[in-house]
Protein chains: 2
Amino acid sequence: MESTLQIICKWKSVIIYHLLDKKVCHFGQLQHELKDCSRRMLALQLNDLEKDGIIKKNIHQFNSLKTDYQLTEFGKTLEPVITSMANWGKIYNQKRS
Amino acid sequence: MESTLQIICKWKSVIIYHLLDKKVCHFGQLQHELKDCSRRMLALQLNDLEKDGIIKKNIHQFNSLKTDYQLTEFGKTLEPVITSMANWGKIYNQKRS
DNA sequence: CTGAATCCTTAGGGATACTG
DNA sequence: CAGTATCCCTAAGGATTCAG
């Protein structure tokens with residue numbers, strides 16, 4: 001329970017949510033989706049997720065640098081957790097003070 | 001999604017988890033379950049949950065003071081979210097660095 | 001474009017003491 | 001027992017700069 005929370009806390013659940021949807025995302029794409037998350041914070045969260053074996057990072061060197069991220073098989077096991085969160089949010093979002 | 005996270009972050013998911021199980025808990029019971037959560041922090045989290053309509057607080061005055069907490073009907077709608085988190089934690093807890 | 005490093009400020013949260 | 005208020009300190013995280 002607490003361990004699950006460590007994995008999905010902060011921006012991580014949102015990142016995973018997008019990776020479940022898009023399959024693959026560049027750093028910039030994620031930055032675009034997570035408007036309120038700074039570049040520094042995004043990088044930290046991605047590092048955590050990679051360290052925990054949730055996501056895999058791929059680096060491509062063209063003239064410039066391009067990386068992308070995708071869920072590992074292990075990361076995909078979080079799908080039920082993330083979707084149940086997303087569903088609850090969709091249904092009960094109006095309940096705000 | 002983000003809104004869901006606001007509701008279950010920190011100790012809140014653990015609190016909800018116990019309330020789903022026990023139905024009713026006194027402040028002291030929760031304090032006992034959440035060993036690493038200070039009394040101050042527990043009170044803050046409970047305040048948040050009450051403000052968001054997730055839990056209901058009942059106060060009983062005997063010679064001393066006794067309060068208990070239980071989930072509201074709205075709070076119970078979080079059950080799928082909490083149990084999917086708990087299940088994932090049970091299965092993949094070994095994955096630690 | 002994708003990050004890591006450094007600096008700097010704020011607020012999250014513990015310890016303690018006080019109330020009913 | 002169940003909380004609130006105050007003090008105080010650490011660390012989370014933004015802004016900015018440097019690097020590949």
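Residue numbers start from 1 in every chain, and the chains themselves are labelled A, B, ... in the order their sequence lines are given, proteins ahead of strands.
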Which residues share a side-chain contact (heavy atoms from CB on, under 4.5 Å) with B/Q45, sequence neighbours left out
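With neighbours one apart ignored, the set is B/K10, B/W11, B/K12, B/I15, B/M41.
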Atom-pair distance ([atom1] on [X]; [atom2] on [N]), nearest Å:
{"X": "B/Q31", "N": "C/dG14", "atom1": "CD", "atom2": "C1'", "answer": "14 Å"}
{"X": "B/F27", "N": "C/dT19", "atom1": "CZ", "atom2": "P", "answer": "18 Å"}
{"X": "B/Y69", "N": "D/dC1", "atom1": "OH", "atom2": "P", "answer": "14 Å"}
{"X": "B/L65", "N": "D/dA2", "atom1": "CG", "atom2": "P", "answer": "7 Å"}
{"X": "A/H26", "N": "C/dC1", "atom1": "NE2", "atom2": "P", "answer": "12 Å"}
{"X": "B/N58", "N": "D/dG3", "atom1": "CG", "atom2": "P", "answer": "11 Å"}
{"X": "A/D68", "N": "C/dT2", "atom1": "CG", "atom2": "C1'", "answer": "12 Å"}
{"X": "B/E50", "N": "D/dG3", "atom1": "CD", "atom2": "P", "answer": "9 Å"}

Nearest atoms (heavy-atom pairs only) where A/L34 meets A/L42:
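In terms of heavy atoms, the two residues are closest at CD2-CD1, 4.5 Å.
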Nearest atoms (heavy-atom pairs only) where A/G53 meets A/T72
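The answer is O-OG1, 2.6 Å.
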Would one find a side-chain N or O of [X] under 4.0 angstrom from OP1 or OP2 of [N]?
{"X": "B/N47", "N": "D/dT4", "value": "yes"}
{"X": "A/T67", "N": "C/dG3", "value": "yes"}
{"X": "A/K10", "N": "D/dG13", "value": "yes"}
{"X": "A/K57", "N": "C/dT2", "value": "no"}

Donor-acceptor under 3.5 Å (B/T83 side chain, B/E79 main chain)
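Flag set: sc B/T83 to bb B/E79 pair under 3.5 Å.
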Using only atom types and a distance under 3.5 Å, with no angle test, would you say the side chain of B/T67 pairs donor to acceptor with the backbone of B/I59?
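No; judged by distance alone, with no hydrogens or angles, the pair does not exist.
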Qualifying side-chain hydrogen bond (donor to acceptor under 3.5 Å, both in side chains) pairs, either residue in residues 16-31 of chain A, two or more places apart:
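side-chain hydrogen bond (donor to acceptor under 3.5 Å, both in side chains) check on residues 16-31 of chain A returns A/K22-A/E33.
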If each of A/W11 and A/Q61 is mapped to the nucleotide of DNA chain D with the nearest heavy atom, which maps nearer the 5' terminus, i.e. the 5' end?
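Its nearest nucleotide lies further toward 5', so the answer is A/W11.
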Please verify the inter-ring angle class for A/F74 with B/Y92; under 30° counts as parallel, over 60° as perpendicular, anything in between as tilted.
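If you compare the ring of A/F74 with that of B/Y92, the planes turn out perpendicular.
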Would you jot down, in residue-number order, the residues of residues 32-43 of chain B having a non-hydrogen atom under 4.0 Å from DNA chain C?
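Those residues whose heavy atoms fall under 4.0 Å from DNA chain C, taken from residues 32-43 of chain B in numerical order, are B/S38, B/R39, B/R40, B/M41.
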